[in-house]
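Below is one structure; the comments refer to it alone.
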Amino acid sequence: MRAVTWAIVAMLLPRVLGAIPTRTPRTGGVGDTLSVAIVCHDLESVEVTWGPGSAHHGPSANLSLEFRYGNQVPQPCPHYFLLDSVRAGCVLPMGKGLLEVVLREGGGAKLFSRKKKASAWLRPRPPWNVTLSWVGDTVAVSCPAHPYLGLEYEVQHRDDFDPEWQSTSAPFCNLTVGGLDPGRCYDFRVRATPQDFFYGPEARPSKWTVVPSLQGVGPTGSCTGPTLPRTPGIPAPPLALACGLAVALLTLVLLLALLRMRRVKEALLPGVPDPRGSFPGLFEKHHGNFQAWIADSQAAVPTVPEPDKDDDVIRPQTKGVETQEDDDVIAPGSPCLGGGALMSVGGALFLMGDSGYTTL
């Protein structure tokens with residue numbers, strides 16, 4: 001009986017324990033309950049911002065921040081800023097040593113903690129007093145350098161014919177952009193980017209400094225804005241498409257010209273009639289051998305009956321041969337003209353002789 005009782009308890013105990021709600025302890029991870037961002041503005045101040053999670057809505061959900069540099073005593077945030085009457089961030093002064101930031105909720109539980117050099121979150125301010133000048137087909141870009149090292153200055157340009165930004169960078173804010181057309185209007189912008197090997201991957205580039213459009217030639221102020229409106233997501237027609245349309249148009253013109261030449265040729269040079277219709281078998285069977293065709297046709301063509309006396313009389317007019325009497329009629333197959341015979345083949349009369357055939 002005891003064995004059965006313990007078996008039942010062993011089966012029901014996991015279900016009972018699973019039904020009891022448990023409280024999951026909070027960890028110091030960033031993504032557990034809130035999102036925290038840290039930015040070091042130009043090595044002058046540090047800004048810490050956070051967004052309240054689903055469990056931290058309402059005025060009573062204000063968080064508190066404390067910080068310290070190196071081995072100093074933790075200090076409270078000197079300046080909070082609010083979002084909808086709820087603390088959303090804090091601005092800290094710049095100091096020396098490692099910066100440790102801790103976020104706590106009302107009861108003192110730690111929600112977030114980070115410890116790192118403040119420069120690891122560097123975001124420099126945008127370059128200022130940027131000057132651009134044309135030198136031939138290049139533009140010289142210069143601006144005052146920031147008071148600290150480890151930055152890279154990036155210049156981007158574009159025009160209405162190539163709306164994609166083209167980049168040029170250098171470790172100093174004194175560089176040139178080449179391969180430009182002085183007759184076009186170009187847009188330029190400049191920014192400073194912290195180098196990863198100097199500050200780390202969490203550093204962020206500055207905002208872009210927008211410089212008015214610039215043209216190498218033309219009156220002053222002719223490039224106050226883009227010459228063509230740029231529609232987002234619709235790039236300019238590529239060169240390959242334009243070339244394809246030109247080739248298609250040229251091919252169409254050539255085809256029309258060839259068709260026109262063919263019509264002119266047919267009008268000036270009419271077609272020659274095919275002799276196969278008048279001489280069947282001459283080319284198909286005898287391959288153009290006229291004598292073989294005559295010999296073959298002689299046996300196949302029936303003898304032409306003698307014409308009546310009332311029919312027209314055929315009198316061959318041969319130079320050097322006397323004309324016969326009007327009463328004599330030249331009949332097919334009869335000898336004439338020095339021993340020749342008259343023969344009708346395919347509706348044509350031939351005079352057969354020793355050396356060849358003569359058409360009558």
Side-chain angles (χ1 to χ4, degrees), residues 37 39-44 47 121-199 201-253:
V39 179
C40 178
H41 293 286
D42 206 35
L43 297 182
E44 295 177 353
E47 182 180 273
W121 298 293
L122 172 65
R123 186 176 190 183
R125 62 170 174 164
W128 63 98
N129 294 338
V130 179
T131 59
L132 298 94
S133 58
W134 279 91
V135 181
D137 60 347
T138 63
V139 171
V141 183
S142 61
C143 63
H146 287 70
Y148 44 89
L149 302 177
L151 299 180
E152 187 175 59
Y153 296 89
E154 182 180 5
V155 178
Q156 290 188 346
H157 69 280
R158 69 178 180 182
D159 62 353
D160 292 323
F161 298 93
D162 188 6
E164 296 294 331
W165 288 105
Q166 307 296 324
S167 298
T168 304
S169 58
F172 303 99
C173 192
N174 187 7
L175 62 159
T176 58
V177 180
L180 304 180
D181 185 358
R184 296 183 183 180
C185 292
Y186 291 90
D187 297 332
F188 291 88
R189 62 182 185 179
V190 187
R191 73 175 179 181
T193 303
Q195 300 185 32
D196 290 347
F197 71 90
F198 204 95
Y199 294 99
E202 294 190 65
R204 301 166 57 187
S206 70
K207 295 182 179 179
W208 288 103
T209 298
V210 179
V211 180
S213 300
L214 187 67
Q215 183 180 14
V217 295
T220 304
S222 59
C223 288
T224 54
T227 56
L228 295 176
R230 295 190 179 96
T231 303
I234 304 179
L239 181 61
L241 179 60
C243 293
L245 293 177
V247 171
L249 182 60
L250 181 60
T251 304
L252 180 61
V253 172

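The structure displayed is predicted, hence computed values, not measured ones.
Between Asn174 and Ser142 the shortest heavy-atom distance is OD1-CB, 4.3 Å. The nearest pair of heavy atoms linking Thr138 to Gly178 is CG2-CA, 3.5 Å. Closest of all the heavy-atom pairs between Ala170 and Leu175 is CB-CB, 4.1 Å. Of all non-hydrogen atoms in Leu132 and Val130, the two that sit nearest each other are CD1-CG1, 4.0 Å. The shortest heavy-atom contact between Pro124 and Asp42 is CA-OD1, 3.8 Å. Contact record, Phe188 with Leu180: CZ-CD1, 4.1 Å, taken as the closest heavy-atom pair.
Panel note: side chain Thr209, backbone Pro127; a donor-acceptor pair is recorded below 3.5 Å. With hydrogens and angles disregarded, a donor-acceptor distance shorter than 3.5 Å links the side chain of Gln195 to the backbone of Leu151.
For the ring pair (Phe, Tyr, Trp, His ring centres under 6.0 Å) test, residues two or more places apart in sequence or in another chain that qualify with Tyr148 are His146. Scanning for salt bridge (charged side-chain N to carboxylate O under 4.0 Å, His left out) contacts around Arg204 gives an empty result, with sequence neighbours left out. Scanning for side-chain hydrogen bond (donor to acceptor under 3.5 Å, both in side chains) contacts around Arg123 gives an empty result, with sequence neighbours left out. Every residue was checked against the ring pair (Phe, Tyr, Trp, His ring centres under 6.0 Å) condition with Tyr186, not counting sequence neighbours, and none meets it.
Taken from OG in Ser213 to NE2 in His157, the straight-line distance is 12.5 Å, to the nearest 0.5 Å. Rounding to the nearest 0.5 angstrom, the gap separating the CG atom in Leu149 from the OH atom in Tyr199 is 7.0 Å. Atom CG of Leu214 sits about 12.0 Å away from atom CG of Asp159, to the nearest 0.5 Å. A distance of 10.0 Å separates CD of Gln156 from OG of Ser169, quoted to the nearest 0.5 Å. Going from atom NZ of Lys207 over to atom CZ of Arg189 covers 14.0 Å, rounded to the nearest 0.5 Å.
The salt bridge (Lys or Arg N to Asp or Glu O under 4.0 Å) pairs that include a residue from residues 139-154 are Glu154-Arg191, where partners are two or more places apart or lie in different chains. Within the structure, the salt bridge (Lys or Arg N to Asp or Glu O under 4.0 Å) test picks out the following pairs touching residues 168-183 (sequence neighbours left out): Asp181-Arg184.
Looking only at side-chain heavy atoms (C-beta outward), Asn129 and Cys143 stay at 4.5 Å or farther from each other. Side-chain contact between Thr168 and Gln166 is absent, with no heavy-atom pair separated by less than 4.5 Å.
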